[in-house]
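Just so it is clear: chains get the letters A, B, ... in the order the sequence lines come, proteins before strands, and each one is counted from 1.
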2 protein chains.
Amino acid sequence: MTGGRRSSPAGDRPPVGCDRLSRGENLYNHGITPSTVRSALSSIHDVARAAGVSVATVSRSFTSPDAVAEATRARVLAVAQELRYAPNRAARGLITGRTGNVGLIVPDLGNPYFHGVLQGAQARARLADYAVFVADGQESAAEEEALIDAMRKQVDGIVLGSSRLAPVRLAALDHSPTVVLVNRRVAGRPSVVVDSADGMRQAVSHLAQLGHRRCAYVSGPRRSWSDRQRRRGLRAAAAAHEIEVVALGPVPPQFESGLRIAEAVVRSEATAVLAYNDLVAVGILRRLAELRIAVPEELSVIGFDDIPLAAMVRPALTTVALPTLRAGEAAVEILLDGLSAAGPRRPAARTLPATLIRRATTAAPRAT
Amino acid sequence: MTGGRRSSPAGDRPPVGCDRLSRGENLYNHGITPSTVRSALSSIHDVARAAGVSVATVSRSFTSPDAVAEATRARVLAVAQELRYAPNRAARGLITGRTGNVGLIVPDLGNPYFHGVLQGAQARARLADYAVFVADGQESAAEEEALIDAMRKQVDGIVLGSSRLAPVRLAALDHSPTVVLVNRRVAGRPSVVVDSADGMRQAVSHLAQLGHRRCAYVSGPRRSWSDRQRRRGLRAAAAAHEIEVVALGPVPPQFESGLRIAEAVVRSEATAVLAYNDLVAVGILRRLAELRIAVPEELSVIGFDDIPLAAMVRPALTTVALPTLRAGEAAVEILLDGLSAAGPRRPAARTLPATLIRRATTAAPRAT
DNA sequence: ATGAAAGCGCTAACAT
DNA sequence: ATGTTAGCGCTTTCAT
């Protein structure tokens, strides 16, 4: 593409942009062809010089195309492409106050739940030509705050997934840049949450219809907002369906927790168990199999999240699907919206629906 | 017009931090204390003024502490903390040529293999106080190149995981910033690869010892460097152990592929199957269970990667562990090393060992 | 429609 | 040891 077409009036100009290169790059570039050497390090000045216009015109050609004459713009753009020039976003940000970046901070990059959020956020950001920083808070509130501070000036907004920060700290956060919460709700902050209380309702109702009367719930981290939502949903639904609840846990939201808690589930004499998340549910499933307890015949199991794993185990896990990908997208969308919005407005608070996915780990309880 | 901002040419600038805030942020900040409101947007000038020193001294207090008097530095740092000042890295980068960022590009953020790489890269980068951009190439070479271009000026280096680029394109890539390859080897480029050929050797040798004489291999993407390594390792090891090989595939490296290929594996009459990766292996496992074919009694199965999933399924998957986390770490390490190194030197090429993890999907073939 | 020049926040000479 | 100043690459008045 680079070599062939020379339709522009700039075609006969000498190959420019090499003066920058001589700074030392070419120490590396021994046997490399000219087309390779043509560096991406050209600046707006190189383009201006090569196109025979001022830097202002080059800048305008990129940022407000209508402000420059058709022919000029075409020439500038052609030269720019030839030189592989693209505006330096950091420099641009210095003056515009916009970085073109967003940050994503999650408590644990190892948790599949956040992979969906990351994927969604990244995809949505890319659509708007935004780049995303990602960082792992290591389940620590302090680290999370440190990361926010580190990112602050480099981004136009931060998506905070399942923040481990206390509500007060969350509320006290700076408003620049904007922080969008995922899986948390705090007054005055934009957020996107999943209606997991309703998901719980669906799960319990499903169990009730199957005839279960006594269910166990293995709860997640005590300070987790999601867990509180689920417990709330559980209380309400259980009452409505006259189901007895055995509370187990709390446990860390991991596979190993499931392994460990499984026997307690059995001892509880519940005919069904709801786990804080799929990871725990799959752990339970695994241990149950070792214990030779048939699922779903002897015990029904329901998870939360619908991570890919849920469909891969055997029997396939019935679970409450939480749209993590969409949550990531939505968070970035809110961020971007807020940036383009003229004035301040009340913070967006999106709620995404949860959906029960019936697979193979739920059935009627064994007749007693 | 927003009058306040860039008014006075004569230096007497208004307290920036505050006028920024008044743009509307504090509409949200009702009952919040002054110390909270004090924005993080203060610049080096604010600190200099408040500490009664020049901006140069403030700068030095951060970048070369020894160059300023003990007492002065203490005062500056105190004021800085009070003002919640931290140097703007974009501005710093403009002059130093260092951004303090690295980029990570992978073909598919949904693939668990890359989650390890991401985690490792992020952790290692954070250790050096670097931030990481992450992007999803969507299994497309073109998108990958576009992402590289988009990142180029914002990072000091790029980690390219399992690049889908053709070798020529890879070789033709700019050397600024440095690109470190993961799971690819190309002349003149730093890289970290996992010795999966040796991993394959271990797997085949294990199978041979168990008594298998006929094995199937379900290969991954044709253009995948890893797949070529594995086939190479397989050929050699199979020859050495006098094992007959049935080649199946290629298939996309996903769970569903395993589901689909399982029957072909059975028809192949191999007594063991090696899958391109764990995802495919687990898919095979799943379908085999439906087919009521006992694993490992009737068929042994081995995967590659050792993603968390491998230990969670039942029976637990025997697999060749590839140190993805370490690969991510190593890649960033190489990047950082290269940045601090004085002159150019021959590109680092790290090879990480693969390890066979024997779990429950391999056993001696059924006596015939 | 275009150009000259100021300046975003910072660091690195070059003074003092 | 500290201050002054010249930019880094860019956008944006303000002139022309």
Side-chain angles (χ1 to χ4, degrees), chain A residues 17 19-20 23 39-49 51-76 80 83 85-100 152-154, chain B residues 1-17 19-20 39-49 51-76 80 83 85-100 152-154 156:
Chain A
D19 66 358
R20 286 275 165 135
R23 265 196 266 174
S39 164
L41 294 172
S42 39
S43 87
I44 198 172
H45 285 100
D46 303 315
V47 178
R49 198 176 325 124
V53 296
S54 75
V55 293
T57 299
V58 176
S59 174
R60 279 191 279 255
S61 300
F62 281 92
T63 57
S64 39
D66 308 323
V68 6
E70 175 81 26
T72 316
R73 194 185 62 221
R75 182 157 38 97
V76 168
L83 261 40
Y85 166 80
N88 180 322
R89 308 185 96 187
R92 173 184 282 178
L94 214 46
I95 185 157
T96 61
R98 287 288 174 75
T99 63
R152 171 156 291 144
K153 297 211 183 150
Q154 294 202 89
Chain B
M1 316 277 146
T2 43
R5 252 179 96 195
R6 60 180 54 213
S7 43
S8 49
D12 192 350
R13 304 183 319 137
V16 173
D19 85 356
R20 286 270 169 120
S39 163
L41 294 171
S42 39
S43 86
I44 199 172
H45 286 99
D46 303 314
V47 178
R49 197 176 327 121
V53 296
S54 75
V55 294
T57 300
V58 176
S59 175
R60 279 190 280 255
S61 301
F62 281 92
T63 56
S64 39
D66 309 323
V68 8
E70 175 82 26
T72 317
R73 192 186 63 222
R75 182 154 40 94
V76 168
L83 261 40
Y85 166 80
N88 180 323
R89 309 185 98 187
R92 173 184 282 178
L94 214 47
I95 182 158
T96 60
R98 287 289 173 76
T99 63
R152 173 156 290 146
K153 296 211 183 148
Q154 295 202 87
D156 297 336

As a test of reading the structure: which of [options] is closest to the side chain of [X], going by heavy atoms?
{"X": "B:Ala56", "options": "C:dA12, D:dT12, C:dC10", "answer": "C:dA12"}
{"X": "A:Ile44", "options": "C:dA12, D:dG9, D:dT12", "answer": "D:dG9"}
{"X": "B:Ala91", "options": "C:dC10, D:dC10, D:dT11", "answer": "C:dC10"}

Contacts of B:Ala67 and B:Ile95 projected onto DNA chain D by closest heavy atom; the upstream (5') one is B:Ala67
Pick base, sugar-phosphate or nothing for B:Thr57, based on heavy-atom distances below 4.0 Å to the nucleic acid. sugar-phosphate
With a non-hydrogen cut-off below 4.0 angstrom, is B:Ala90 in contact with a base, only sugar-phosphate, or nothing?
nothing
Report task. For B:Asp156 and B:Arg98, run side chain to side chain contact (heavy atoms under 4.5 Å, CB included): C-alpha distance rounded to whole Å, both residues' side-chain angles, the deciding distance at 0.1 Å, then the answer. Result -> CA-CA 6 Å; B:Asp156 297 336; B:Arg98 287 289 173 76; 3.7 Å; yes
task: Can you check whether any acceptor in the base of C:dG3 is under 3.5 Å from a donor in the side chain of A:Arg60, or vice versa?
output: yes
Would you give the length of the straight line joining atom [atom1] of [X] to atom [atom2] of [Y], rounded to the nearest 0.5 angstrom?
{"X": "B:Ser42", "Y": "B:Arg49", "atom1": "OG", "atom2": "CZ", "result": "10.5 Å"}
{"X": "A:Ser54", "Y": "A:Arg60", "atom1": "OG", "atom2": "CZ", "result": "6.0 Å"}
{"X": "A:Ile44", "Y": "A:Leu83", "atom1": "CD1", "atom2": "CG", "result": "12.5 Å"}
{"X": "A:Leu94", "Y": "A:Arg92", "atom1": "CG", "atom2": "CZ", "result": "12.5 Å"}

How close or far is atom [atom2] of [N] from atom [atom1] of [X], stated in whole angstroms?
{"X": "B:Asn88", "N": "D:dC8", "atom1": "CG", "atom2": "P", "value": "18 Å"}
{"X": "B:His45", "N": "C:dC10", "atom1": "NE2", "atom2": "C1'", "value": "9 Å"}
{"X": "B:Asp46", "N": "C:dC8", "atom1": "CG", "atom2": "C1'", "value": "13 Å"}
{"X": "A:Asp66", "N": "C:dT2", "atom1": "CG", "atom2": "C1'", "value": "15 Å"}
{"X": "A:Glu70", "N": "C:dT2", "atom1": "CD", "atom2": "P", "value": "11 Å"}
{"X": "B:Arg98", "N": "D:dC8", "atom1": "CZ", "atom2": "C1'", "value": "15 Å"}
{"X": "A:Arg92", "N": "D:dT11", "atom1": "CZ", "atom2": "P", "value": "4 Å"}
{"X": "A:Gln154", "N": "C:dC8", "atom1": "CD", "atom2": "P", "value": "20 Å"}

**Asked** Between A:Thr72 and C:dT2, is there a side-chain N or O to OP1/OP2 distance below 4.0 Å?
**Response** yes
Using OP1 and OP2 only, check whether a side-chain N or O of B:Ser43 sits under 4.0 Å from C:dC8.
no
| message | As a quick check of understanding, evaluate side chain to side chain contact (heavy atoms under 4.5 Å, CB included) for B:His45 and B:Val55, giving each step before the final call. | response | CA-CA 6 Å; B:His45 286 99; B:Val55 294; 3.4 Å; yes
task = I would like to know whether B:Val68 and B:Val76 meet side chain to side chain contact (heavy atoms under 4.5 Å, CB included); could you show each step before the answer?
result = CA-CA 10 Å; B:Val68 8; B:Val76 168; over 6 Å; no
If each end axis of the helix from C:dA1-D:dT16 to C:dT16-D:dA1 is fitted on five C1' pair positions, the angle between them, to 10 degrees, is 40°
